[in-house]
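As structure tokens, the structure follows; a few thoughts come after it.
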Amino acid sequence: VQLVEAGGGLVQDGDSLRLSCAASGRTFSNYAVAWFRQAPGKERDLVAAIDWSGVITNYADPVKGRFTISRDNSKNTVYLQMNALKPEDTAVYYCAARQRSFVTTDTLYRYWGQGTQVTVSS
């Protein structure tokens with residue numbers, strides 16, 4: 001599975017962005033997908049995850065109520081809608097995929113995109 005993220009950019013505090021993760025190569029609907037982020041000098045952290053069907057989702061506490069993960073398997077794409085962005089959301093955002101159920105540990109994801117930068121200015 002090849003993953004390509006898009007949608008990052010420079011926004012102001014309180015703005016919104018929608019990231020997309022487009023997949024190719026295999027039957028994407030068989031894969032759970034997660035978004036991780038990594039800020040400079042920090043570890044890569046889970047942001048949100050979604051199961052293969054799109055029914056089950058999981059969010060990190062800092063983004064609950066502000067971010068929404070969704071998927072459209074007919075388009076082989078997963079989205080991350082980010083609202084009410086804060087400067088602390090600044091990071092490189094990566095999507096990752098794995099077969100079976102989603103997990104919160106990044107090392108258990110086999111496929112990764114190249115990342116997209118999100119910068120939120122105050």
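The figures here come from the full heavy-atom set of this structure, side chains too, leaving out hydrogens, waters and symmetry mates. Just so it is clear, the model here is predicted, and its values are computed rather than measured.
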Would you say the side chain of [Y] lies within less than 4.5 Å of the side chain of [X], judging by non-hydrogen atoms?
| X | Y | result |
| --- | --- | --- |
| V4 | Q2 | no |
| M82 | V118 | yes |
| L10 | Q117 | no |
| R37 | P62 | yes |

Could you measure the distance from the [atom1] atom of [X] to the [atom2] atom of [Y]? Nearest 0.5 Å is fine.
| X | Y | atom1 | atom2 | result |
| --- | --- | --- | --- | --- |
| K86 | S122 | NZ | OG | 13.5 Å |
| L19 | T116 | CG | OG1 | 6.0 Å |
| L3 | S20 | CG | OG | 11.0 Å |
| Q81 | F67 | CD | CZ | 9.5 Å |

Before you tell me yes or no, could you show the steps for T77 and F28 under side-chain contact (heavy atoms from CB on, under 4.5 Å), namely the whole-Å CA-CA distance, both residues' side-chain angles and the distance that decides it to 0.1 Å?
CA-CA 8 Å; T77 303; F28 187 55; 5.7 Å; no

Where do Y93 and L80 come nearest, in terms of heavy atoms and distance?
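Answer, listing the atom of Y93 first, then L80: CD2-CD2, 4.2 Å.
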
Atom of T68, atom of Y59 and distance for their closest heavy-atom approach
CA-OH, 3.3 Å

Indicate if Y79 and Y111 have the same hydrophobic cluster label, given that clusters are the connected sets of ILVMFWY residues with side-chain heavy-atom separations under 4.5 angstrom.
no

Group every Ile, Leu, Val, Met, Phe, Trp and Tyr by side-chain heavy-atom contacts under 4.5 Å, then state whether V63 and L17 land in the same group.
yes

Taking only Lys NZ, Arg NE, NH1 and NH2, and the carboxylate oxygens of Asp or Glu, determine whether D61 and K64 approach each other closer than 4.0 Å.
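A salt bridge is present here (some side-chain N lies under 4.0 Å from a carboxylate O).
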
[Y] backbone acceptor or donor facing [X] side chain under 3.5 Å:
| X | Y | result |
| --- | --- | --- |
| R110 | R98 | no |
| E5 | Q114 | yes |
| T90 | E88 | no |

Which other residues end up in the same hydrophobic cluster as V92, if Ile, Leu, Val, Met, Phe, Trp and Tyr are linked when side-chain heavy atoms come under 4.5 Å apart?
F36, L46, V55, I56, Y94, F102, V103, L108, Y109, W112

By the side-chain hydrogen bond (donor to acceptor under 3.5 Å, both in side chains) test, which pairs, at least two apart or in different chains, include something from residues 45-57?
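Of all non-adjacent pairs touching residues 45-57, those that pass side-chain hydrogen bond (donor to acceptor under 3.5 Å, both in side chains) are D51-S53.
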
Residues N83 and S16: side-chain donor-acceptor under 3.5 angstrom
yes

Taking salt bridge (charged side-chain N to carboxylate O under 4.0 Å, His left out) as the definition, give me every residue that meets it alongside K42, ordered by chain and number, with sequence neighbours left out.
none

Could you go step by step and tell me if I69 and W35 meet the side-chain contact (heavy atoms from CB on, under 4.5 Å) rule?
CA-CA 8 Å; I69 189 170; W35 286 96; 3.6 Å; yes

